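Reviewing the structure listed below.
Worth saying up front: this structure is predicted, and the values here are computed from it rather than measured. We're numbering straight along the sequence, starting at 1.
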Amino acid sequence: MGLLLGLIITLSAVVAYSVYITWQVAGLRKLQTDMVDRNRKDSLQLLRIQNDLNSLAVAMRDMVSGDEPYPLTAWSAQFQRVRTDLDDAVRLEAGFAAANRTPDQSAFLTSSFNQFWDAVDRVFALAKDGRDKEAREQIQLSLQEREAALTSAVARLLVQNSENEEQAAQRIVQIYDRVRRQVYVFLAATLVAILLSSLSIMRWNRRLFAHLAEISARRSELAQKLIATQESTLRYISRELHDEFGQILTAIGAMLRRAGTHAPEGSTLRADLQEVLQTVQTTLESVRSLSQALHPVMLDEAGLENTLDWYIPNVERQTGIAISYEKQGEPFPVDGASGVHIYRVLQEALNNVARHSGAKQARVRLRFLSDALELEVEDHGAGFTENPGKRGIGLVAMRERSELMGGQITFSRPLEGGTLIRLAVPREKAESYAKEDHSLAGG
């Protein structure tokens with residue numbers, strides 16, 4: 001729940017910050033589009049108006065000076081051309097006018113232009129009637145002053161636009177600074193959230209691994225106790241079969257032999273006694289074989305090497321599988337619990353070869369190295385199934401026995417196919433385990 005809550009908080013912060021950044025960017029775009037761009041276009045039109053007014057001022061100066069040999073009506077076409085351009089510029093400028101321009105300013109500019117053109121029309125009307133002197137007086141008294149007033153108004157608007165651009169630039173800088181600070185704050189908050197989440201994950205992983213380690217330790221302890229109980233029970237049953245039932249069957253066989261000597265030669269009773277004696281002898285051999293299968297007494301009496309020398313040919317006779325048995329190195333004594341575990345690993349491996357591999361040949365290698373004992377069982381049969389759910393408990397038991405000895409067991413697939421099981425037990429572990437662990441040896 002803590003990790004889920006942290007994830008929800010982190011995602012909420014990301015969404016909120018994304019919305020905030022989107023809002024700031026939209027405001028910045030609107031500021032640049034609606035104010036800066038419109039203000040620049042408006043300034044261009046004002047400059048266009050200012051240039052036209054300057055052209056009219058030059059023309060009026062020439063008209064008043066009288067130095068030109070042309071009549072005043074000759075300037076009519078120039079004024080008409082400038083008027084057309086000014087009307088277009090005023091119309092465009094009205095569409096680009098800044099939002100902070102007052103209606104009075106726009107009305108003043110429009111009325112001033114209308115009054116100026118009315119005065120222009122009167123001047124050219126006087127000139128057309130041949131009253132040039134009065135026309136020049138009107139230019140001096142009215143037109144030039146109106147032109148100067150319009151030029152001043154346009155200049156004030158240009159100054160106002162410049163101030164608006166500076167204010168917009170400052171607002172843009174403020175927005176960038178605010179967004180940058182928010183980015184730093186968000187990055188810091190994100191790093192804190194990641195740090196807290198990582199610490200929480202580390203804490204929960206530590207608790208989880210500690211719990212798993214405890215479970216593993218308990219499982220190993222339980223597996224050791226189960227294996228020890230199993231071996232103790234098998235040893236007890238093996239001894240009971242070998243000693244009690246074996247002695248009883250041996251005694252029955254002896255009594256049957258004595259009874260057979262008292263029966264008449266060639267009689268039916270003598271034949272029946274001989275048949276029962278053979279049955280008892282067969283049963284005795286079966287009991288001894290079963291006793292050896294449950295727990296070879298040879299492990300306690302002759303050690304691991306001699307037990308394997310007896311066991312492998314016995315498996316060949318029972319299963320019909322040709323087993324190649326190789327021994328390498330200088331043998332050292334391995335007995336007690338380690339011998340039992342190694343013997344059980346070999347027993348389980350050969351049982352798997354006989355039951356599941358389908359192979360007719362197998363190889364067993366026993367190596368006595370200077371620092372370890374290695375046992376390998378190899379076959380070129382079907383190998384392990386891909387579905388681990390179909391594997392029995394035998395592989396698990398082999399791993400547990402390997403871990404109890406401090407060794408390592410691996411299951412691999414040779415190049416020729418099949419299965420290769422390799423068990424490696426450190427020499428000091430095998431010897432010390434055999435000397436220190438009496439849970440299996442003591443029964």
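For Ala372, there are no side chain to side chain contact (heavy atoms under 4.5 Å, CB included) partners two or more places apart in sequence or in a different chain. Every residue meeting the side chain to side chain contact (heavy atoms under 4.5 Å, CB included) condition with Ile21, not counting sequence neighbours, appears here in chain and number order: Tyr17, Val25, Val179. Partners of Lys41 under the salt bridge (charged side-chain N to carboxylate O under 4.0 Å, His left out) rule, at least two apart in sequence or in another chain, do not exist in this structure. Residues passing the side chain to side chain contact (heavy atoms under 4.5 Å, CB included) test with Val425, sequence neighbours excluded: Met405, Leu423, Ala430. When the side chain to side chain contact (heavy atoms under 4.5 Å, CB included) test is applied to Leu212, the partners found at least two apart in sequence or on another chain are Leu208, Phe209. The salt bridge (charged side-chain N to carboxylate O under 4.0 Å, His left out) search around Arg83 returns Asp121, not counting sequence neighbours. Looking at residues two or more places apart in sequence or on another chain, you find a salt bridge (charged side-chain N to carboxylate O under 4.0 Å, His left out) between Arg218 and Glu214. Scored by the side-chain hydrogen bond (donor to acceptor under 3.5 Å, both in side chains) test, Ser402 finds no partners at all (sequence neighbours excluded). Residues satisfying the salt bridge (charged side-chain N to carboxylate O under 4.0 Å, His left out) test with Arg367, not counting sequence neighbours, are Glu374, Glu376.
Judged as a salt bridge (Lys or Arg N to Asp or Glu O under 4.0 Å), the pairs with a partner in residues 342-363 (not counting sequence neighbours) are, in order, Glu231-Arg344. Pairs engaging residues 179-196 under the salt bridge (Lys or Arg N to Asp or Glu O under 4.0 Å) rule: Asp177-Arg180 [sequence neighbours left out]. Note on residues 45-57: pairs passing side-chain hydrogen bond (donor to acceptor under 3.5 Å, both in side chains), not counting sequence neighbours, are Gln45-Arg48, Arg48-Asp85, Arg48-Asp88.
For the residue pair Ser111 and Gln115, no side-chain donor N or O sits within less than 3.5 Å of a side-chain acceptor on the partner.
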